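This report refers to the structure that appears directly beneath it.
This is a predicted model, so every value here is computed, not measured. Along the sequence shown, residues are numbered consecutively beginning with 1.
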Amino acid sequence: MPITTFTHLKNRMGILPPLSIGKFLLLLTSLFISGCIDEPVSPVWDVQLNAPVTNKKYTLMEVIEKDSDSTLKYDATNNLYYADDQPITGIVVEDKLKLNPSVANVQFAIQKLTINPAPFTTTVAISQLGPGFNQSSQGVVVPIPYVKQTITQNLAPINDFEEMVLEDGTMNLTISNNTTGTCSLKVHGVTIVNASDNSVVFANTDSIMIIPGQSKTISRSLAGKTMRNSLKASITISTVAGNSKIEPAETIGFSFAMVNLSPSRMKAKIPAQDPYSNSSSFQLDQNSRIKLVTVKKGKLVYTLKNNFKASVNAFFSIPELKTSSGAIYSNTVTLGPDESKPITITDLNGWSLQSTDGSYTGVVNFNVTTAVLPTTTAVEITKSDNVSITVNMDTLILKRVDGKLKPTQLTTKTTAIALNLGSLETFTAETILFNKFVFDINLGMSANTKIRLDNATVVGKNSLRTRSLNIASTLLNGGGSMQKITIPQTQLNDFINAFVNKPPDSLIISYNATVNPNSEAIIINDADSVYGNSAMEIPLNVGIKGGTITDTTEINIPESNKEKLDNILSGTVKLQIENGLPAEVVFTGKLYDASGNFLMNLPPGTPSSINVAAAQVYTTGPKQGEVSAAAKSEITITLNTEQIKKFIDSKSMIISLQFFTTGGQAVPVKFLTTDYIKVYAAGQLNYRNKP
């Protein structure tokens, strides 16, 4: 077999695609083994070795697909945008439905005392008219002389009372002529006085003619009189001249009956009094009106105090308050003289307050019916004596409200939203300006009531800075549908572009909601809630100044072949960069050895970077800002001996691609998934091979 000439081998190698040194030596060895050689020869020849470094195309699509956690998305026309929907921490109404009843403190006076003393009587015997009437006429009619006599005598003690001060009442005096003859009598005056001080109780000065067997009644008011149980009577009687039988034991009767008495005060054995009823109320809540509420937590405390010297029964009820079984709350309390008794219902859970006529009400009524109990001993009592009551319902926490509830502020909630940008989180820039930032907050209320968004803020954070955005109060309808909180676009853009170097890596939403801000009629439960979500969308229509993406590529030059490279003649590195991004790109490569030690820049020296113009973009039409044609740049770098050795010792190269849109002015342009950067780098080493 003929031996292949070295010149021919060299020419063939010159047109081969780039090979690794190992593959080249393997090919060379196989060629020598396959030939027929008569004797050893020591040839010398020059070899050109191509050593590929990298040949990569970086597309934005690959970045997206590689980062499954990234919120970077693209639409049907390959437009890139960040998009993320996340729930916002909801606010459950819970214990925010409240009523704050006022305290009622009232006194219920008896107003009217009732006493009905038995009539008391006295008599004047005929014999008391004078000596002429001391002897009986033995049934014989005799002449009757004219006499006029004033008789004073103490009356029997009264057992029904000791003393009364009367506002009103009447004393009826009935005078009876109990004689059996024909003698008529004339009563000229009757006066009743208190024996203790002769104060007048009853006085009549009219003359009254009474024939035998006849009775006459006269009435006088007792208003303003003070009456004691020891009385004295003064009676003036005269006879009418004529003929009659005389019986000294026969009498003239005087009966005093008191009716319709209205004492303002009395000391007596208190008879059973008619029960008296009073009503009052307390404010349920200053700013709320209800038809029906169900209580979740609360208590009722009321204190009844008896200000009588007698015992009383007090029947207490609250018509609007229903127990858990639906019965109107009521209670009967017996109170001794001057006794105070507190009553506490510690747990009103499941109880309800309901207006009695189905209308909206802001008050709760209560009734107290008092009955003064009879006494066996004399006690003092006045019509101003009373039963007092204090009613207090602590703040009521409600399960359910059907009413015109006052505006109710709920608990502030905060939601932290991480912006999952995948590997793009490492993207930094001197300046990054977004052309549009969409951030919607959607809130709804499960109850059919309006809510007002209050004190809402969005705080953005990254490792460099923190910015906040205040959201104006917004009135939203409830009923289960969510409504969007509108934030002006300019305000949003200013917020996102304030970060300058990189987008925020998190957003913190803080908000509060006021339920029923207009105090309208609503039905709401403690399990109802404000809920919502945030929707963020940032089209990748941005301006970038100094944005950087890095990548590491391995350089594989087998160690077993490096001893073959002792006689290096020359070395170059060819760089080809094809820029399909709408931004100027600055390429920098850094070579590192197997231990990660930096060896040199690529290109070495100054400058240590390569500028590649931005791709051409459409300036008008629907594709304005998108790439129309890629820009290309090619450079060959000549390496000196020291640089060649470092190149041979390198194991990896970190590629840094820095972006500037529109000549470094950070004017926004569009980025699509099809945009790319292609980097090709290969080393070419010339050396002399000596066996």
Side-chain angles (χ1 to χ4, degrees), residues 50-60 62-63 423-433 500-502 542-555 570-593 596-617 627 629-667 669 671 675-685:
N50 291 330
V53 177
T54 186
N55 186 4
K56 283 192 174 183
K57 181 178 182 180
Y58 303 90
T59 68
L60 294 182
E62 291 171 337
V63 174
S423 63
L424 292 180
E425 291 177 355
T426 61
F427 184 87
T428 59
E430 294 176 32
T431 304
I432 178 167
L433 298 177
V500 183
N501 305 93
K502 61 182 293 189
V542 297
I544 302 171
K545 180 180 179 182
T548 302
I549 289 180
T550 60
D551 186 37
T552 300
T553 184
E554 294 183 357
I555 302 174
S570 63
T572 59
V573 175
K574 179 191 290 185
L575 286 174
Q576 293 177 345
I577 301 175
E578 185 176 329
N579 184 13
L581 292 173
E584 179 183 342
V585 175
V586 177
F587 170 89
T588 302
K590 293 183 179 295
L591 299 178
Y592 294 84
D593 63 17
N597 299 312
F598 172 73
L599 297 174
M600 69 175 184
N601 289 322
L602 191 68
T606 304
S608 60
S609 60
I610 300 172
N611 291 0
V612 183
Q616 297 178 26
V617 297
V627 171
K632 298 180 180 180
S633 179
E634 182 175 320
I635 185 173
T636 299
I637 303 166
T638 301
L639 304 177
N640 60 32
T641 303
E642 182 182 356
Q643 292 168 345
I644 291 172
K645 184 174 187 329
K646 290 181 178 180
F647 179 79
I648 294 171
D649 289 338
S650 64
K651 293 293 291 183
S652 64
M653 180 170 68
I654 295 179
I655 296 173
S656 176
L657 301 171
Q658 197 171 26
F659 307 100
F660 299 84
T661 61
T662 319
Q665 301 304 310
V667 176
V669 292
F671 287 84
D675 293 344
Y676 68 93
I677 297 176
K678 185 177 181 181
V679 178
Y680 170 80
Q684 190 176 69
L685 304 177

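Of the listed residues (V612, L575, V573), just one forms a side-chain contact (heavy atoms from CB on, under 4.5 Å) with I635, and that residue is L575.
Taking CZ of F598 as the start and NZ of K646 as the end, the distance is 7.5 Å to the nearest 0.5 Å. A distance of 8.5 Å separates CD in Q576 from OG1 in T636, rounded to the nearest 0.5 Å. Rounding to the nearest 0.5 Å places CG of L639 at 7.0 Å from OG1 of T572. One finds the CD1 atom of I610 at 5.0 Å from the CD1 atom of I637 (value rounded to the nearest 0.5 Å). Between atom OG of residue S652 and atom CG of residue L591 there is a gap of 8.0 Å, rounded to the nearest 0.5 Å. From S650, atom OG reaches atom OH of Y592 across 12.0 Å, with rounding to the nearest 0.5 Å.
Closest approach of S633 to N611, counting heavy atoms only: OG-O, 4.2 Å. Pairing each heavy atom of P582 with each of V617, the nearest pair is CB-CG1, 3.5 Å. Here the closest heavy-atom approach between residue A615 and residue A629 is recorded as CB-O, 3.2 Å. A682 and Y680 make their closest contact through CB-OH, 3.2 Å (heavy atoms, listed as atom of the first residue, atom of the second, distance). In terms of heavy-atom proximity, I644 sits nearest to G571 at CD1-N, 3.4 Å. Shortest non-hydrogen contact noted between G580 and V627 is O-CG2, 3.4 Å.
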Please list, one pair per line, the donor and acceptor atoms closer than 3.5 Å that link side chains of residues 599-606 to other protein atoms, with sequence neighbours excluded.
unit_1: N601; atom_1: OD1; unit_2: K590; atom_2: NZ; d: 2.9

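For E634, the CD atom sits in a packed shell: over 12 heavy atoms of surrounding residues, nucleotides or ligands are nearer than 6.0 Å.
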